[in-house]
Amino acid sequence: MALGISLASLIFVPLSAYLLFRRTILDVTHLRANPWPLIWYFTLMLVLVPLVVVNALGIENVPGLYVAQPGTESIVTLLVVAVITEYILTLAFSLRLFGLNLRKDILNISLNEKRLYDAVCALSLLGLLCIVVFYFLGYKHAFLSALLENKRLLEVRLANKYTSHVPSQIASIMPLIGYFLAAVAGYIGRQNLVKSFWYLVLSVLFLSAPGDKAPPIWGIIIWVLAQGALLPKHVFSVRSIIGLGFVSILGLGAVYFVTSIQVPGMTREAFFKYLLVRLGVGQMAGVYETFGLVQTNSMPEGDFYLHMIPGAQFFVNYTDFQKVLMMVTEGYGYAEMGVKNTLFIAEAWAIGGLPLALLSPIIVGISTGIGLAILVPIVRQIVGKELAPFISLILYLKTHDITGGFSSFPLFKGLILVLGQIAIIFLLYYLVIAFKKMLKNVGPVIRKPIDNNGFKPRKVTG
C-alpha cells in the first residue's frame with residue numbers, strides 16, 4: 001500500500017501544485033518567461049522520489065540509513081504526503097494573499113541593459129573582493145585548493161567552516177552572489193552570449209568557493225534557464241521534453257565532474273551508488289532517521305529552538321538538530337562532517353514534538369509568501385521591476401530549501417540573513433553607478449582643460 005501511495009504521489013502531488021499555483025509566481029506554464037518554478041518542482045521530487053525508493057527496497061536495504069527502523073515505511077510515507085499537501089495548499093494561499101501573481105505584463109520581459117551590466121559589475125567586484133579578504137582570514141577557495149594542493153575537497157570544506165576566521169553567516173554571501181550573478185548573466189545572454197559566458201565563469205568561481213558540489217552545478221543550470229534559448233514557451237510540448245532532458249544531462253555530467261574531484265578514481269558503479277544515496281534518498285534521510293529515533297525513544301535532547309532565533313549563535317553556544325542528527329546516526333565528531341539533510345518536519349519535531357511537526361508546513365508556507373513579498377521590492381532596486389519577481393524567486397528558493405530544515409522559516413532567520421547580504425550588494429551597486437557618473441563628468445574636463453579666466457590655455461613653445 002505504501003509503495004502504491006508513494007508512486008501515486010509522484011503524479012498527483014505535482015499535479016495539485018500545478019493547478020493551485022496557476023497565475024502565481026510559481027506558475028510553471030510559461031517556461032521561457034518564468035522557468036524558475038522548475039527549481040521548486042525539482043526540490044519537490046527530491047522529497048517524493050525517496051518515498052518510492054525506500055518503499056521499493058525496504059529501509060534495511062537502503063544505503064545511507066543507519067537508525068531508521070524497518071516497518072516504518074508506511075507511516076513515514078503517509079506523514080510526508082500529508083505534510084507536503086498541507087504545505088502546497090498553504091503556499092498557494094500565501095502567494096495570492098501577498099499579491100505574488102504572475103501578471104501578463106511581466107511575462108514580456110524588457111531588459112534594461114545598462115542596469116543589468118551595473119548589477120553584474122557590482123556582483124563580480126564583490127565576489128572577487130570576498131575571495132581575497134576571506135583568503136587572508138584563512139578561508140580558501142575549496143575547489144581550487146583541492147585541485148592545486150591535491151587535498152580532499154571535504155578536508156578543505158571543513159577547514160573553511162571550523163578553523164577559518166570567517167563566520168558561516170558571512171561566508172554564505174558567496175553562494176548568494178554566485179546565484180545572483182548566474183541569473184543576471186543568463187538574461188544578458190539573450191542579447192550578448194559572449195559577455196554572458198564570462199560572467200557565468202565568474203559565478204561558478206564564486207559558487208565553488210565553499211566546496212559544496214551542488215551550487216556550481218545549479219549556477220550553470222540557472223544560467224541556461226535564464227538564457228532561455230533551450231526552453232519552450234509552454235511546459236507541455238515536445239521542445240520542453242528535449243530542453244529539460246538536455247538540462248538534466250548537463251546537470252548529471254556536472255555532478256560526475258564535481259564528484260570525481262572529491263573521489264579520484266571513482267568507478268561508474270560508485271557514481272550510481274552515490275546518486276542513489278544523495279539524490280535518491282539523501283534529501284530525506286533525516287526524516288527516516290528522526291522517525292527511527294522517535295520509535296526507539298532515542299531522540300537527542302537539546303535547546304534546538306535556539307537555532308530559529310536570528311543571531312543567537314553570537315550569544316549562546318548551541319548545536320543545531322541537523323548537526324546532532326549527523327553525529328548521532330553516523331558517529332562523526334562535530335568537525336568531521338556537515339549536517340544531515342531533512343525535510344522541515346524533522347527539525348520541527350525535534351523542537352516541538354509532533355504538534356509542531358504537523359503545524360510546520362503552514363508556518364513554512366506563510367513564511368515563504370511573506371519572504372517573497374518583502375524580497376521583491378528590494379531586489380527591484382537593483383535589477384528593475386521586470387526581473388525583480390524572477391530574481392527574488394531564484395534567491396529565495398536557493399537560500400530556503402525545504403529539505404534544509406525548519407529553523408530558517410518561523411522567525412525569518414534565513415530572510416534576515418539574505419536581506420543583510422543584499423544590502424551589501426545594493427551598496428556596491430550604487431557605488432559602481434556613482435563611480436561611472438564621476439568618470440563621465442570628469443572626462444570632458446580632462447579632455448578640454450580651461451584656465452581660471454575661462455579660456456583654453458595656449459600652447460607655450462620654446
Side-chain angles (χ1 to χ4, degrees), residues 10 13-14 17-18 20-22 24-49 84 87-88 91-92 94-95 100 102 106 109 172 175-187 200 203-204 207 212-228 230-232 235 240 243-252 254-255 278-279 282-284 341 343-344 364-365 367-369 371-372 375-376 379 383 387-405 408-409 414-415 418:
L10 290 178
V13 173
Y18 170 80
L20 289 168
F21 292 158
R22 291 294 298 270
T24 72
I25 199 172
L26 283 175
D27 189 339
V28 76
T29 55
H30 304 281
L31 272 183
R32 189 173 298 176
N34 183 33
W36 310 117
L38 292 175
I39 298 175
W40 185 89
Y41 280 96
F42 178 80
T43 304
L44 179 65
M45 297 312 291
L46 291 181
V47 173
L48 298 178
V49 168
I84 287 296
Y87 161 64
I88 290 171
L91 181 56
S94 182
L95 293 176
L100 296 163
L102 191 68
I106 66 173
I109 300 174
S172 65
L176 183 84
I177 293 170
Y179 291 131
F180 205 150
L181 182 57
V184 179
Y187 281 111
L200 169 65
S203 74
V204 172
L207 288 166
D212 299 297
K213 293 180 285 295
I217 296 169
W218 271 112
I220 296 171
I221 292 173
I222 286 171
W223 180 82
V224 171
L225 294 177
Q227 203 275 328
L230 297 175
L231 294 175
V235 67
S240 69
L244 293 177
F246 176 81
V247 171
S248 301
I249 293 171
L250 182 67
L252 192 63
V255 170
R278 293 304 301 269
L279 297 180
Q283 300 301 309
M284 286 289 288
N341 292 323
L343 181 66
F344 52 79
V364 172
S367 178
T368 299
L372 286 169
L375 200 55
V376 169
V379 173
V383 299
L387 293 184
F390 306 123
I391 300 294
S392 299
L393 184 58
I394 299 165
L395 297 181
Y396 192 90
L397 291 177
K398 296 311 299 174
T399 55
H400 291 75
D401 197 330
I402 61 172
T403 62
S408 294
F409 296 96
L415 177 65
V418 170

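- Side-chain atoms of H400 come within 3.5 Å of backbone atoms of L415 as a donor-acceptor pair (strictly under, hydrogens ignored).
- Panel note: side chain N341, backbone G404; no donor-acceptor pair is recorded below 3.5 Å.
- In plain terms, the two heavy atoms of I88 and V13 that are nearest each other are CD1-CG1, 3.6 Å.
- Atom CD1 of I222 sits about 12.0 Å away from atom CD1 of I217, to the nearest 0.5 Å.
- Proximity of I391 to V379: side-chain heavy atoms (C-beta onward) are separated by under 4.5 Å at one or more points.
- Looking at Y18 and P14, their side chains never come closer than 4.5 Å, going by heavy atoms from C-beta outward.
- The closest donor-acceptor contact from the side chain of D212 to the backbone of A214 lies at 3.5 Å or more, if one exists at all.
- Across all their heavy atoms, F409 and S367 have their closest contact at O-OG, 2.8 Å.
- The two residues L100 and G369 come nearest to each other via the heavy atoms CD1-O, 3.5 Å.
- Inter-residue side-chain proximity for W223 and Y187 is flagged as unmet; no heavy-atom pair is nearer than 4.5 Å.
- Judged purely by atom type and a 3.5 angstrom limit, S392 has no side-chain atom pairing as donor or acceptor with the backbone of P389.
- Within the 4.5 Å cutoff, no side-chain heavy atoms of H30 are placed close to those of P35.
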Apply side-chain contact (heavy atoms from CB on, under 4.5 Å) to the pair L372 and L95, showing each step before the final yes or no. CA-CA 9 Å; L372 286 169; L95 293 176; 4.1 Å; yes
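- Note that CZ of F180 is 9.0 Å distant from CD1 of I394, once rounded to the nearest 0.5 Å.
- Inter-residue side-chain proximity for L38 and L31 is flagged as met; some heavy-atom pair is nearer than 4.5 Å.
- Two residues are said to be in side-chain contact when any heavy atoms from C-beta on lie closer than 4.5 Å; K398 and I39 meet this criterion.
- Atom-to-atom distance recorded for Y179:OH and I221:CD1 is 10.0 Å, nearest 0.5 angstrom.
- With S94 contributing its side chain and L91 its backbone, the two residues share no donor-acceptor pair below 3.5 Å.
- The shortest non-hydrogen separation linking A182 to G219 is CB-O, 3.5 Å.
- The main-chain N or O of L26 is never found under 3.5 Å from a side-chain atom of N34 such that the two would form a donor-acceptor pair.
- Contact of the L176 side chain with the V418 side chain is registered, since non-hydrogen atoms from C-beta on lie closer than 4.5 Å.
- For W36 and Y41, the ring centers sit 6.0 Å or farther from each other.
- Smallest separation of non-hydrogen atoms from A226 and A183: CB-O, 3.4 Å.
- Heavy atoms only, all atoms of each residue included: V204 and I220 are closest at CG2-CG1, 4.0 Å.
- L343 has its side chain within reach of I402: a pair of non-hydrogen atoms, C-beta onward, lies under 4.5 Å apart.
- The OH atom of Y396 sits 13.5 Å away from the CH2 atom of W40 when rounded to the nearest 0.5 Å.
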